[in-house]
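First up is the structure itself, then whatever we jot down about it.
No experiment lies behind these values; they were computed from the predicted model shown. When reading the values below, keep in mind they use all heavy atoms of this one structure, side chains included, and skip hydrogens, waters and symmetry mates.
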Amino acid sequence: MKRILYLIIPALLLTISGCGNNGCEEVRESFCYAQMTSLSGAKINNLYAFGIGQGGGEVDTTGVAADKEMLNASNPSSLEFILNPDSTVTDIRLKMNITLDGDQFQHEDTIHFVYDPHPYFINMDCGCSMYFSLQEVTFTKNFLRNITIKNNEVTNEQNINLIIEY
């Protein structure tokens with residue numbers, strides 16, 4: 001009788017954990033969320049974000065790993081970045097079309113993320129997600145003025161991790 005209970009109880013737990021309309025109900029992707037704030041009155045009309053060297057196996061004409069477009073946003077007030085789960089660093093290049101005092105400008109900045117990735121088990125249906133602990137964020141200062149880590153834990157919840165001031 002005990003042997004049967006040892007088989008039935010795990011089967012019931014697996015069945016209960018699988019109850020849901022579409023199986024996995026929880027979001028598995030983990031994004032680093034950033035809030036954008038203008039200090040100068042400038043307006044970012046368009047912003048393009050590229051994961052440097054994350055072209056998915058593609059190479060550019062010089063044989064270097066291609067950049068992967070991650071984001072194309074008009075008038076952004078917030079951004080979402082995907083960190084590379086197979087590394088402890090990710091570099092993201094931002095290309096921005098800016099208006100300041102009626103003049104149009106183009107600027108590029110690069111953000112360098114240093115972090116510790118760690119898997120997080122969600123449940124049997126959803127499996128694992130990758131969470132990140134931000135250690136350091138540095139950046140070029142062509143247009144960006146400051147980046148502050150507000151919450152260093154990057155999870156599958158939509159919490160603001162960074163404040164980007166320009």
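Under the 4.5 Å side-chain contact rule for hydrophobic residues, I52 and V137 do not share a cluster. A continuous path of Ile, Leu, Val, Met, Phe, Trp and Tyr side chains, each step under 4.5 Å between heavy atoms, connects M96 with I163, placing both in one hydrophobic cluster. One hydrophobic cluster, built from ILVMFWY side chains closer than 4.5 Å, holds both L94 and I149. Following chains of ILVMFWY side-chain contacts shorter than 4.5 Å, one cannot reach I82 starting from V89, and the two form parts of different hydrophobic clusters. In the hydrophobic cluster analysis, where Ile, Leu, Val, Met, Phe, Trp and Tyr join through side-chain heavy atoms closer than 4.5 angstrom, L83 is grouped together with I160.
Residues N123 and F121 approach most closely at C-CZ, 3.3 Å, considering heavy atoms. Nearest heavy atoms, V154 versus C32: CG1-N, 3.8 Å. Between A42 and I98, the shortest heavy-atom distance links the atoms CB-CG2, 3.9 Å. Contact between P76 and L47 at its shortest, heavy atoms only, is CG-CB, 4.0 Å. The two residues I92 and A49 make their nearest non-hydrogen contact at CG2-CB, 4.0 Å.
Residues meeting the side chain to side chain donor-acceptor pair (under 3.5 Å) test with D116, sequence neighbours left out: Q135. Evaluation of the side-chain contact (heavy atoms from CB on, under 4.5 Å) rule for P85 yields M130, F132 as partners, not counting sequence neighbours. A search for side-chain contact (heavy atoms from CB on, under 4.5 Å) contacts involving A34 returns L79, F81, L162, I164, not counting sequence neighbours. Residues meeting the side-chain contact (heavy atoms from CB on, under 4.5 Å) test with E29, sequence neighbours left out: V27, F31. When the ring-ring contact (aromatic ring centres under 6.0 Å, His included) test is applied to F139, no partner is found at least two apart in sequence or on another chain. Evaluation of the side chain to side chain donor-acceptor pair (under 3.5 Å) rule for S30 yields S129 as partners, not counting sequence neighbours. For E153, the side chain to side chain donor-acceptor pair (under 3.5 Å) test picks out S133, with sequence neighbours left out. Partners of N152 by side chain to side chain donor-acceptor pair (under 3.5 Å), not counting sequence neighbours: none found.
Counting only residues at least two apart or in different chains, ring pair (Phe, Tyr, Trp, His ring centres under 6.0 Å) contacts with residues 144-166 comprise F143-Y166. Screening residues 137-149 for side chain to side chain donor-acceptor pair (under 3.5 Å), with sequence neighbours left out, gives D109-T140, N146-T148, N146-E165. Residue pairs meeting the side chain to side chain donor-acceptor pair (under 3.5 Å) criterion with at least one partner in residues 76-96, sequence neighbours excluded, are D67-R93, T90-Y115, D91-H112.
For D103, the CG atom counts as densely surrounded, since its 6.0 Å shell holds more than 12 non-hydrogen atoms of other residues, nucleotides or ligands.
In this structure, the separation between CZ on F105 and OG1 on T99 is 9.0 Å, given to the nearest 0.5 Å.
Annotation for Y48: hydrophobic cluster partners, listed by chain and number, are F50 (ILVMFWY side-chain heavy atoms under 4.5 Å, direct or chained).
A donor-acceptor pair is defined here as one N or O able to donate and one able to accept, closer than 3.5 Å; such a pair exists between the side chain of N161 and the backbone of N151.
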